[in-house]
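Quick notes on the structure that follows.
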Amino acid sequence: MGYYLYDAIGYVGDLASISGLGQLHKYVAEASDAAAVRDFLDEGYSPITDELIDGFRILRPEDPEIATTIDNLVQMLARCDTIAIISDGTDVECPELTIHRGTREIGGSCIELCSNSGTTRVIFDIGLPLVNRDMSPFDWRSHRKLTLSQLLEKGILPSIDGLYDNDEPTVSAVVLSHAHLDHYGLLQFVHPDIPIHMSVGTRALVEVSNVFLDARARLDRAKTFHMGKMLSIGEFAITPYLMDHSAPDAAAFLIEADGQRIFYTGDFRGHGRKGVLLDRLVRNPPKHISYLIIEGSMLGRGEGRFPDESSVERELHDTVLSHSGLCYVFASSQNLDRIVSVHRAVRRGGKTLVVDLYTALVLDRLSAVSKRIPQFNWGGIRVLYSYYHAQKLAGLDRSLLFKYRKAKIEFDEISANPDDKVLLAKDSRYFRNLIKKLRGSESARAVFSLWHGYLERSDLRQFLESNGVPMVEVHTSGHAYVGQLKALVDAMKPRWIVPVHTFHPEEFGDVFPNVIQVEDGEQVSLC
């Protein structure tokens with residue numbers, strides 16, 4: 001049986017083997033005049049004082065095992081809060097962490113925290129994978145007709161008791177960090193009696209994705225939270241923090257349970273339009289964080305040509321302004337920062353931004369988050385109707401078709417005067433047909449403003465070039481650079497760091513000294 005060191009905050013680390021600690025206790029009792037050290041070992045606890053630390057440092061045992069135990073103990077005492085407690089772990093209450101997916105993978109995020117009593121279980125994110133086990137791209141379309149049992153058997157659904165339709169619900173709640181499918185794409189399989197918690201912006205995007213992307217997320221028991229306002233879920237107190245990310249209204253969470261303070265970052269960055277949020281968190285971080293569960297998407301990857309969203313906007317502006325012909329910008333309608341960058345660049349260039357019905361609905365719904373988000377009825381924005389999108393929108397609310405009609409633009413208007421048009425495009429059959437029809441437009445150009453990996457998975461570049469449309473890439477990451485990870489860790493000073501959402505967890509150990517590497521499905525007591 002091992003012994004462990006705790007303090008007022010919680011677990012500090014493994015202290016020593018029982019034999020090593022016993023030998024140290026015997027050595028101190030026989031050979032030392034350091035009263036503080038002797039009292040600490042006798043009583044099992046002590047305030048952290050210079051007398052205690054100096055008492056250990058002056059010990060010079062010949063036995064190498066005792067010397068190693070002392071060195072180990074002194075290093076950990078330096079990390080204690082105000083007191084040190086020796087314990088064998090008996091009767092220590094602590095929550096349990098299980099990362100069901102994400103310890104060695106970007107995508108498919110799913111994290112469970114369970115209270116010491118076992119009565120409160122909360123799932124943070126329940127996402128679609130981005131890659132298969134052989135690291136090839138994951139294609140949900142080839143799996144979506146599988147039964148729940150088949151999805152579990154193939155490991156597409158993580159095996160979690162009491163979460164899905166085929167089981168008695170024992171999970172207390174699911175909490176979503178943001179509206180990217182690799183964080184919520186499996187929500188459709190969650191038992192309908194289990195409450196779902198998400199931000200206002202996340203709910204808006206999930207609702208739109210249900211209409212246009214067939215996400216099928218169940219929202220019957222969905223509840224919206226507000227940043228900075230604590231949620232009480234069973235034995236857990238959960239406080240969401242607004243974070244800068246490529247998904248709007250993304251949240252991190254301070255989780256307080258069984259005397260531990262755990263911080264889960266979700267996906268975040270510090271170089272978007274809301275980069276000030278990371279600056280504020282670094283200046284005023286939550287205190288006494290025992291465990292920081294932190295994403296590491298950018299480990300093993302370069303920062304790229306465009307370091308922040310401002311540089312993206314400048315490049316987009318230069319591209320639009322210097323170009324006299326039709327311009328296509330391939331970007332996610334749900335990347336609000338990018339839509340704002342495109343809109344600002346287009347307006348500065350004196351041109352017209354053309355969006356589809358899907359984008360119009362996204363912006364409309366996100367107006368609940370901010371009134372400064374571009375809208376379909378702003379000057380210089382027009383809405384392009386496609387039959388497919390019109391049918392989808394009519395199924396949701398036919399009145400929206402008439403609402404957006406005020407800004408409707410017809411194909412003939414674009415074709416007759418393409419030079420002042422910038423089309424927000426998607427790599428879809430509709431837009432490919434549109435590009436073919438507009439092939440006669442002189443000097444057409446395309447900007448790819450998405451993660452480069454998506455481009456590698458398609459023949460979009462070849463398609464565009466075959467239609468006389470050269471393409472450039474202008475993009476910045478939605479995830480934190482290594483320097484931003486360091487800034488957050490330095491500010492929070494967590495007792496332990498748990499990597500997640502990364503293909504390179506081993507690189508955390510090269511950056512931080514206090515890393516706990518866990519594996520998918522492994523249960524870890526956060527003592």
Side-chain angles (χ1 to χ4, degrees), residues 109-111 122-128 163 171-233 236 238-255 264-268 272-274 277 332-340 357-376 392-393 395-397 399-400 403 478:
S109 295
C110 187
I111 298 170
V122 178
I123 304 295
F124 292 88
D125 294 334
I126 178 72
L128 275 170
L163 179 62
V171 169
S172 306
V174 173
V175 179
L176 300 182
S177 62
H178 63 281
H180 279 161
L181 285 169
D182 65 323
H183 287 258
Y184 83 89
L186 296 174
L187 194 61
Q188 60 181 289
F189 301 103
V190 172
H191 197 288
D193 289 343
I194 296 175
I196 314 294
H197 297 264
M198 62 190 78
S199 71
V200 174
T202 295
R203 176 162 187 160
L205 290 179
V206 172
E207 289 174 344
V208 173
S209 296
N210 278 347
V211 176
F212 286 98
L213 305 181
D214 198 24
R216 304 183 187 182
R218 292 173 173 172
L219 299 175
D220 294 343
R221 296 205 64 189
K223 303 178 180 181
T224 53
F225 58 69
H226 296 277
M227 303 298 176
K229 294 186 178 180
M230 189 186 72
L231 303 172
S232 293
I233 301 176
F236 288 6
I238 302 172
T239 304
Y241 283 68
L242 182 62
M243 301 294 278
D244 179 27
H245 185 45
S246 52
D249 223 22
F253 302 100
L254 172 63
I255 306 141
Y264 168 46
T265 64
D267 290 358
F268 77 103
R273 294 195 170 278
K274 301 179 294 299
L277 295 172
S332 169
S333 297
Q334 297 193 12
N335 185 342
L336 187 56
D337 280 12
R338 191 61 39 81
I339 301 300
V340 171
L357 282 169
Y358 166 46
T359 306
L361 182 61
V362 167
L363 298 176
D364 194 358
R365 291 295 173 86
L366 286 177
S367 65
V369 177
S370 172
K371 298 302 180 184
R372 294 158 62 176
I373 295 171
Q375 295 297 314
F376 74 97
K392 289 287 188 179
L393 196 58
L396 173 66
D397 183 352
S399 68
L400 291 173
K403 177 180 179 179

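Bear in mind that the values here come from a model prediction, so they are computed numbers and not experimental data. Note: hydrogens, waters and symmetry copies are ignored here, and every other heavy atom, side chains too, is used.
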Problem - Partner set under salt bridge (charged side-chain N to carboxylate O under 4.0 Å, His left out) for D182, not counting sequence neighbours - result: none

Handout entry: Partner set under side chain to side chain contact (heavy atoms under 4.5 Å, CB included) for R218, not counting sequence neighbours
Key = D165, P192

Exercise for the section: Identify, with sequence neighbours excluded, every residue that meets salt bridge (charged side-chain N to carboxylate O under 4.0 Å, His left out) alongside D214. Expected result: R144, R216

Practice task
List in chain and number order the residues that pass side-chain hydrogen bond (donor to acceptor under 3.5 Å, both in side chains) with S333, two or more places apart in sequence or in another chain; answer none if no residue qualifies.
Solution key: T359, K426

Problem - side chain to side chain contact (heavy atoms under 4.5 Å, CB included) partners for S209, two or more places apart - result: Y184, L213, A215, Q334

Completion exercise
So side-chain hydrogen bond (donor to acceptor under 3.5 Å, both in side chains) across residues 194-204, not counting sequence neighbours, yields S199-T202, S199-D249, R203-E207

Problem - ring-ring contact (aromatic ring centres under 6.0 Å, His included) partners for Y264, two or more places apart - result: none

Handout entry: Contacts of type side chain to side chain contact (heavy atoms under 4.5 Å, CB included), residue I123, not counting sequence neighbours
Key = C110, E112, I160, L163, V171, V174

Handout entry: Atom pair CZ (F225) and CG (L176), whose distance is rounded to the nearest 0.5 Å
Key = 7.5 Å

Problem - Results of side-chain hydrogen bond (donor to acceptor under 3.5 Å, both in side chains) for S399 - residues two or more places apart only - result: D397

Handout entry: Sequence-distant partners of K392, salt bridge (charged side-chain N to carboxylate O under 4.0 Å, His left out), two or more places apart
Key = none

Problem - Under the salt bridge (charged side-chain N to carboxylate O under 4.0 Å, His left out) test, residues paired with D244 that sit two or more places apart - result: R269

Fill in the blank from the handout: By ring-ring contact (aromatic ring centres under 6.0 Å, His included), F212 pairs with (sequence neighbours left out) Y358, H389

